[in-house]
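Numbered from 1 within each chain, the chains take letters A, B, ... in sequence-line order. This is a predicted model, so every value here is computed, not measured.
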Amino acid sequence: MGVDTTVVKCPECSSRNLEYDENRGERHCNDCGIVIEEDIVDQSPEWRDFNDSGQQTDRSRVGAPMTNLLHDKGLSSTIDWQNKDYSGNLIASRNRSQLYRMRKWQARSRTKGSKERNLQQALAQIQQICSKMKLPKTVQERSADIYRRALAEDLVRGRSIDSMVCASIFIANQQMLTARTVDDIAKVARIGPKEIGRTYRDVKRKLAIRTPLPDPKIYVNRFCSELQLGPKVQQTALDIIRRAEELEMTHGKSPCGVAAAAIYISSQTSEQARTQREIAEVTNVTEVTIRNRYKQLAKSLKIELDI
DNA sequence: ATGGTTTTTACTGCGTC
DNA sequence: GACGCGGTAAAAACCAT
C-alpha cells in the first residue's frame, strides 16, 4: 500500500538517517554525508497553495509571512557571489551596488538574532517531520504556531530544538484529533518518545495550552484500517468504547489500550477475527494490556465472547 | 522525591491445530 | 511443536503532588 516514491535509504551506506536541507534544496545522508538527490524543488506537499479555500490561520504577527512555515520566503534562494548573470555575462556596474545590498541584506537576515535562526531551523524541521508523517498542512501550521509561542516565551532554552519541535507537533496533533501518538513522531524524528512526552507536558503547562482529553475513538479508524478490518467491526468497536465511556471506565487508561481492546472484542465477535498479537503490533500496546482491558470491558459490558 | 496507578517485561501453563 | 491465549509477579513508566 504505502508507496513511497522518495529514497529512504542512503545508497552509499544504507543509513536511513537522511535529511532534507530546505535552503539548499537537497537531501543528504547524516551518516556519510553524501548528497542523495539535488534540485528537489519541494518534496513536501503544497505549502504554496494557500489561496484555495478559507484561510483561518491567524496572522497576528507584524509583517506576517505568507505562511508561518516559512522563515524568510524569497530570501532563501541564494544570490551568487560572482558578478555574473545566468548566462555568465558580467553584470553592468550600475546594478552592482544593488546586488551588494541584496547580498548584505540576505547575509544579515540569515544570521540576525539567535531566535531567528532557531526559528528557521525549527520550521524546517517541522516541515520535514510533518511531511514524513504525511500530516495535512493545517497541522503543520498549528505546530509552527505553537513553536513560535514557545520560542517567544523562552521555553526552548535548555532544551533541544528537536524536542521542542516534536512537542509542538504532538500538541498540534492532539488538538486536531489526528490519531497520532508520541511514538509515531519519535519514529521519524531523531529523538526518543520519552523526551517528547516530557517536553510536551512542560510546554502545555507553561503555555497554558489546552488539549481535548484523549479519546480512544479517534484511533479506531486508523487501527482498523491497518488491520484490514471492515466498517462493521469499526462500528461495534466504537460502540463498545462509547458504552465504556459512559461507565467512566476509560479514565486513566491509555486510549490506545482501550481502542485495542475494543477492536479485539469487536473483531472476535465478527467474521474477521484478529489475534491479540496482531492488534498489539499495530496499536503499540502489549498483549497483556489488551487482555486486561478487554477482560474488564467484557465483564462490565456483559459481552460474551465464546467461540 | 513520593506514592498511587497503569503498562510492560518475562515467564509459565493450558488447550488446540 | 508452534500458536493463541490466560494469568502472574516484578519492573518500569506515568502523573499529580
Is the phosphate of dG6(C), meaning OP1 or OP2, less than 4.0 Å from a side-chain N or O of Y294(A)?
-> yes

Indicate whether OP1 or OP2 belonging to dC3(C) is found under 4.0 Å from a side-chain N or O atom of Q276(A).
->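 No, because none of the side-chain N or O atoms of Q276(A) sits under 4.0 Å from OP1 or OP2 of dC3(C).
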
What integer distance in Å separates [X]:[atom1] from [N]:[atom2]?
X: R277(A); N: dG6(C); atom1: CZ; atom2: P; answer: 16 Å
X: K295(A); N: dT7(B); atom1: NZ; atom2: P; answer: 17 Å
X: M249(A); N: dT6(B); atom1: CE; atom2: P; answer: 11 Å
X: I290(A); N: dC5(C); atom1: CD1; atom2: P; answer: 10 Å
X: Q296(A); N: dG6(C); atom1: CD; atom2: C1'; answer: 16 Å
X: Q268(A); N: dG4(C); atom1: CD; atom2: P; answer: 11 Å
X: I279(A); N: dT7(B); atom1: CD1; atom2: C1'; answer: 17 Å
X: K299(A); N: dG7(C); atom1: NZ; atom2: P; answer: 10 Å

For R293(A), which contact category applies under a 4.0 Å heavy-atom criterion: base, sugar-phosphate, or nothing?
->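 Sugar-phosphate, backbone atoms only, no base.
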
Out of dT8(B), dC5(C), dT6(B), which has the shortest distance to the side chain of N292(A)?
-> dT8(B)

Give the nucleotide from the list dG6(C), dT6(B), dC5(C) with an atom nearest to the side chain of K253(A).
-> dT6(B)

Which ones in residues 201-217 of chain A lie close to DNA chain B, meaning a heavy atom under 4.0 Å from one of its atoms?
->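 Within residues 201-217 of chain A, no residue comes under 4.0 Å of DNA chain B.
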
Could you pull out all residues at least two apart from [X] that satisfy side-chain contact (heavy atoms from CB on, under 4.5 Å)?
X: E195(A); value: S160(A), S163(A), I191(A), R198(A)
X: K187(A); value: D184(A), N284(A)
X: Q272(A); value: L229(A), V233(A), S270(A), R274(A)

Listed once per pair and sorted, the ring-ring contact (aromatic ring centres under 6.0 Å, His included) pairs that draw on residues 121-149 of chain A, sequence neighbours left out | none

What pairs meet the ring-ring contact (aromatic ring centres under 6.0 Å, His included) rule with one or both residues in residues 167-216 of chain A, with sequence neighbours excluded?
-> F170(A)-Y200(A)

If you pin R274(A) and P193(A) to their nearest nucleotides in DNA chain C, which one's is more 5'?
->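 Counting from the 5' end, the first nearest nucleotide belongs to R274(A).
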
So, does E278(A) use its side chain to make a donor-acceptor pair with the main chain of T275(A) at under 3.5 Å?
->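 Yes, the answer is positive, given that a donor and an acceptor are paired below the 3.5 Å cut-off.
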
For L207(A), does its backbone N or O pair with a side-chain atom of R149(A) as donor and acceptor, under 3.5 Å?
->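 Between the backbone of L207(A) and the side chain of R149(A) there is a qualifying donor-acceptor contact (under 3.5 Å).
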
Please output the side-chain donor-acceptor pairs of residues 246-262 of chain A that fall under 3.5 Å, not counting sequence neighbours, one pair per line with the distance.
unit_1	atom_1	unit_2	atom_2	d
S254(A)	OG	G257(A)	N	2.9

Salt bridge (Lys or Arg N to Asp or Glu O under 4.0 Å) partners for K217(A), two or more places apart |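 Only D215(A), E245(A) meet the salt bridge (Lys or Arg N to Asp or Glu O under 4.0 Å) criterion with K217(A).
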
Which nucleotides of nucleotides 9-17 of chain B have their base under 4.0 Å from a protein heavy atom (B), which only their sugar-phosphate (S), and which neither (-), written as one string 5' to 3'?
-> BB-------

